[in-house]
Amino acid sequence: MEVNERDPVTGRETTGHEWNGIKELDTPVPRGVLMFLMVTHVWAIAWWFLVPSWPLGTTYTRGLLAIDQRQTVEARLVEARRDRVNWMNRIETEGYDVILADEALMQTVRSTGRQLFGDNCAACHGRDGKGGANYPDLTDDDWLWGGGPELIEQTMRVGINTRHPESRIGQMPAFGRDEMLDREQVRTVAAYVYSLTHPDYSTHENIKQIEAGREVFVTTCATCHEENAKGKRDVGAPNLTDSYWIYGEDLDTIIASVHGGRQGHMPTWDERLTMAEIKTLALYVHDLGTQQP
């Protein structure tokens with residue numbers, strides 16, 4: 001009978017295997033590992049009997065616990081729909097002040113509104129609501145028609161420059177293209193508007209041009225933007241004295257706006273979304289503006 005070599009350090013026999021001078025000891029598996037393997041095997045066998053596991057032709061073993069994942073999912077869906085109906089009914093029937101005062105309900109508005117916004121509004125306004133080129137930022141709390149939830153709801157419901165009979169109408173004429181102003185007048189009024197937000201532009205060299213631009217502004221633009229240039233929300237005319245711009249605040253862009261005009265568009269949502277969904281979105285957008293000034 002062949003006796004394997006015994007390791008002089010540990011006193012254990014070797015297996016006879018050797019790699020690059022390293023000999024393998026005949027060491028038994030630790031008892032803790034064996035116990036763990038035994039427990040997991042017993043648990044696995046017990047689990048086969050407790051839950052659905054083995055296919056039997058057109059059916060399967062049901063398990064002693066009678067667990068059915070399909071029924072569990074269906075029950076959770078029913079519960080979720082019931083909860084949704086409850087809070088959607090509240091949003092549809094309760095006033096905005098009541099909803100805004102209920103922080104628990106507003107948490108639901110924020111989570112659901114974020115999904116609704118992503119599905120319906122993000123294509124133009126971005127996932128974060130910060131807008132983009134030629135689309136307004138909804139997080140700066142600067143509004144054309146007002147940022148209260150009631151006004152946002154109305155804007156969403158009827159749209160802007162749509163076929164809806166109550167649509168909000170907002171259009172800036174093409175003063176240059178339609179020859180209401182000549183080229184020089186377009187440049188002077190643009191220079192005046194630019195100077196409203198860039199006071200360092202008013203220098204000795206161009207102050208006369210800015211003063212001439214103000215005269216054109218008062219006679220041509222003040223009807224919508226007011227003589228102080230702070231805009232009029234009832235006609236959707238923006239404030240020209242702040243730092244918020246849709247189409248750009250550089251002088252060349254302002255000249256292009258005066259020359260060619262501007263006309264935004266937002267679709268109506270009253271036939272695409274339910275009133276509860278519109279109110280949820282109105283609250284969510286209002287929250288964007290007030291939470292991120």
Side-chain angles (χ1 to χ4, degrees), residues 15-17 19 24-94 98-100 102-130 132 138 149 152-153 156-157 159 164 266-288 291:
T15 63
H17 301 152
W19 296 272
E24 181 184 24
L25 297 181
D26 187 11
T27 305
V29 178
R31 182 173 297 179
V33 175
L34 286 175
M35 292 298 296
F36 176 77
L37 292 174
M38 292 172 61
V39 169
T40 55
H41 280 76
V42 171
W43 172 256
I45 294 172
W47 201 244
W48 286 346
F49 291 96
L50 292 174
V51 299
S53 54
W54 292 100
L56 299 173
T58 59
T59 184
Y60 55 90
T61 57
R62 305 293 175 172
L64 299 177
L65 296 180
I67 295 176
D68 189 330
Q69 291 293 334
R70 179 175 296 177
Q71 292 180 358
T72 301
V73 171
E74 290 177 351
R76 290 179 179 176
L77 289 175
V78 169
E79 182 180 0
R81 283 195 293 267
R82 183 172 59 250
D83 292 342
R84 180 180 175 85
V85 168
N86 289 338
W87 65 259
M88 289 294 274
N89 284 339
R90 286 192 59 192
I91 289 177
E92 185 170 358
T93 58
E94 294 183 2
V98 176
I99 299 172
L100 289 169
D102 189 331
E103 184 56 32
L105 187 55
M106 280 301 299
Q107 289 296 332
T108 302
V109 166
R110 293 184 183 105
S111 61
T112 305
R114 180 178 179 83
Q115 180 179 349
L116 285 171
F117 189 89
D119 292 341
N120 298 282
C121 314
C124 294
H125 296 285
R127 294 288 302 183
D128 56 2
K130 293 185 179 298
L138 303 178
I152 296 174
E153 175 203 318
M156 291 182 58
R157 192 168 46 78
H164 194 287
M266 189 179 95
T268 60
W269 296 97
D270 61 344
E271 296 181 356
R272 309 185 192 195
L273 300 175
T274 65
M275 180 52 65
E277 290 173 329
I278 290 176
K279 288 185 68 176
T280 299
L281 269 173
L283 287 160
Y284 176 77
V285 172
H286 169 74
D287 196 60
L288 285 179
Q291 296 296 324

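Atoms considered below: every heavy atom in the structure, side chains included; atoms not considered: hydrogens, waters and symmetry mates.
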- Just wondering, more than 12 heavy atoms not from E271 lying within 6.0 Å of its CD? no

- Item | Greater than 12 external heavy atoms within 6.0 Å of E94's CD | yes

- Quick one: pull up CE in M266 and SG in C121 and give me the separation to the nearest 0.5 Å. 7.5 Å

- Drop me the distance from S111's OG to Y284's OH, to the nearest 0.5 angstrom. 10.0 Å

Are any of the side-chain heavy atoms of [X] and [Y] separated by less than 4.5 Å?
X    : Y    : answer
W54  : Y60  : no
R272 : P267 : yes
V109 : D287 : no
L138 : K130 : no

So which heavy atom on [X] is nearest to which on [Y], and how close?
X    : Y    : value
H164 : R157 : CD2-O, 4.0 Å
L100 : P149 : CD1-CG, 4.4 Å
I67  : P52  : O-CG, 3.0 Å
D270 : I278 : CA-CD1, 3.8 Å
K279 : I91  : NZ-O, 2.7 Å
I99  : L283 : CG2-CD1, 3.6 Å

- Does NZ or CZ of R90 lie under 6.0 Å from the centre of the six-membered ring of W87, at an angle within 45° of the ring axis? no

Under 3.5 Å donor-acceptor, [X] side chain and [Y] backbone:
X    : Y    : answer
E277 : T274 : yes
T15  : D26  : no
T59  : L56  : no

- Please work out whether the ring planes of H125 and F117 are parallel, tilted or perpendicular, with thresholds of 30° and 60°. tilted

- What do the steps show when you test T280 against L116 for side chain to side chain contact (heavy atoms under 4.5 Å, CB included), and what is the final call? CA-CA 8 Å; T280 299; L116 285 171; 4.0 Å; yes

- Message: Suppose we screen for ring pair (Phe, Tyr, Trp, His ring centres under 6.0 Å). Which residues come up paired with H17, at least two apart in sequence or across chains?
- Response: W19

